[in-house]
2 protein chains.
Amino acid sequence: MDNNTIQDLIDRYVNISFQVHKKAEALIKNQLGNELTNDQHYILRYIHQTGECTSTELAEVFQVNKSAITAIINRMTDRGLIQRTRDEKDRRVVYLTPTQEGVELFQSAQEKVHQLVESIITQFDETEITTFINTYEKLAQILDNKKQEELGE
Amino acid sequence: MDNNTIQDLIDRYVNISFQVHKKAEALIKNQLGNELTNDQHYILRYIHQTGECTSTELAEVFQVNKSAITAIINRMTDRGLIQRTRDEKDRRVVYLTPTQEGVELFQSAQEKVHQLVESIITQFDETEITTFINTYEKLAQILDNKKQEELGE
DNA sequence: GTGAATAGTTCAATAGATTAACTATTTTCC
DNA sequence: GGAAAATAGTTAATCTATTGAACTATTCAC
């Protein structure tokens, strides 16, 4: 790639990734209403996918400090959406699981979010969106490597 | 597209867009250090690109309330990065411009961010990343239309 | 000229994040 | 076997970002 091409791609990427994120988050927020924040929705989504998880794991996935996770989980347990269970074998560990209410709220949230995303991705043809998501997943991998590099320094 | 394909794409999209955003923001934050938050960096970036802008415009671009912009701009003017200038023709309007210090800080931030993004996108071949950004830009357009639809309801 | 619309700010409340210091537990290894 | 290091999580103080409602000041519409 020549240098002008690269500079152009960098500018376009920085601008567009920012814009798309802001717009998509705003639409999702609009779908979720006052019942869940976007972060809380992703927390529930992650716990639902894994079945059980820990604060340390969430801190890694969300790329924030563990104390930020403690604060979010406190708000969610206060609202009766999540439960803490201490591991009896390793008593340092606390497992986070959704309550029945948490599961139900997540499912209704997920339905709304999926409808929104469906209405968007069906505006692309299958090849285009599949290629896009493949590259997106490759990008996630590259970002992980980048992170590892930085930790290694 | 058959229904299973769509459901699969939706799941992959929701997961990957979230992950990439968190990872990319964390890497950018790491580059920016303690001098600028990511939001402040994007504010400076936008003002730098447009030359001059208003709170209303930023609220639209950032998809937040105008009072959120007032708060951010207050912090940035307190730090001497941005200036407010009232329009003499329409005295309701306040123009936001970077100070000399703001310009310098932005340029050093931009350099770091561009280096980071360059090190990432050069790991793709030109066709792949160009196609990706094209689709990304198309997605931004679709999200805009979606937003307009929702406002129309 | 009055009423509606627009641009921006203020205020109180809430969510999310950081850093440093802390408790409790388990692991390492001499 | 026991001291030191590592790990999991919480607490407290502080900051940034956001919302919604109420507010000031100004301009537009008719």
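By convention in this document, chain letters (A, B, ...) are assigned in the order of the sequence lines, proteins followed by strands, and residues within each chain are numbered from 1.
The nearest whole Å value for the distance from the NZ atom in Lys89(A) to the P atom in dA8(D) is 17 Å. In this structure, the CZ atom of Phe62(A) is 16 Å from the P atom of dA15(C), given to the nearest Å. Residue Ile69(B) contributes atom CD1, which lies 19 Å from atom P of dC11(C) at whole-angstrom precision. If you measure from atom CG of Asp39(A) to atom C1' of dT16(D), you get 14 Å, rounded to the nearest angstrom. Atom-to-atom, CG of Asn74(B) to P of dT10(C) comes out at 6 Å; the value is rounded to the nearest Å. One interatomic measurement links the two molecules: CG of Asp87(B) to P of dG8(C), which rounds to 10 Å at whole-angstrom precision. Here the C1' atom of nucleotide dG16(C) and the CG atom of Leu36(A) are 15 Å apart, to the nearest Å. A straight line from NZ of Lys66(A) to P of dA12(D) spans 18 Å, rounded to a whole angstrom.
A salt bridge links Arg91(B) with Glu88(B): the distance from a Lys NZ or Arg NE/NH1/NH2 to an Asp or Glu carboxylate oxygen falls below 4.0 Å. Using a 4.0 Å cut-off between charged side-chain N and carboxylate O, Asp90(B) and Arg92(B) make a salt bridge. Ion pair Lys146(A)/Glu149(A) flagged as a salt bridge, since at least one NZ, NE, NH1 or NH2 atom sits closer than 4.0 Å to an Asp/Glu carboxylate oxygen.
Within the 3.5 Å criterion, the main-chain N or O of Leu36(A) finds no donor-acceptor partner in the side chain of Arg79(A).
Dashed line: the shortest gap from a side-chain N or O of Arg75(A) to OP1 or OP2 of dG16(C) is under 4.0 Å. For dT27(D), neither phosphate oxygen OP1 nor OP2 lies less than 4.0 angstrom from any side-chain nitrogen or oxygen of Arg91(B). One finds no side-chain N or O of Gln63(A) lying less than 4.0 angstrom from the OP1 or OP2 phosphate oxygen of dA17(C). For Arg84(B), a side-chain nitrogen or oxygen approaches OP1 or OP2 of dT9(C) to under 4.0 Å.
Residue Asn65(A) is in base contact, counting any heavy-atom pair closer than 4.0 Å across all strands shown. Nucleic acid contact class of Thr37(A) (heavy atoms, under 4.0 Å, all strands): sugar-phosphate only. Among the protein residues, Ala71(B) comes within range of the nucleic acid bases, having at least one heavy atom under 4.0 Å from a base atom. Residue contacts for Thr70(A): at a heavy-atom cut-off of 4.0 Å it reaches a base atom on one of the strands shown.
Closest contact between the side chain of Gln40(A) and the listed nucleotides dG16(C), dG9(D), dG8(C) involves dG16(C). Here the side chain of Val64(A) is nearest to one of dG16(C), dT27(D), dT18(C), namely dT18(C).
A donor and an acceptor atom, one from each side chain of Asn145(A) and Gln123(B), are nowhere located under 3.5 Å apart. A side-chain donor-acceptor contact under 3.5 Å links Glu104(B) and Gln100(B).
Side-chain to base pairing of Arg92(B) with dT6(C): one donor and one acceptor N or O lie within less than 3.5 Å of each other. The base of dT19(C) sits within donor-acceptor range of the side chain of Ser67(A), with an N or O pair under 3.5 Å.
Projected onto DNA chain D by closest heavy-atom contact, Arg86(B) and Lys29(A) fall at different nucleotides, the more 5' of which corresponds to Lys29(A). Nearer the 5' end of DNA chain C, as judged by each residue's closest nucleotide, is the contact made by Cys53(B), out of Cys53(B) and Ile72(A).
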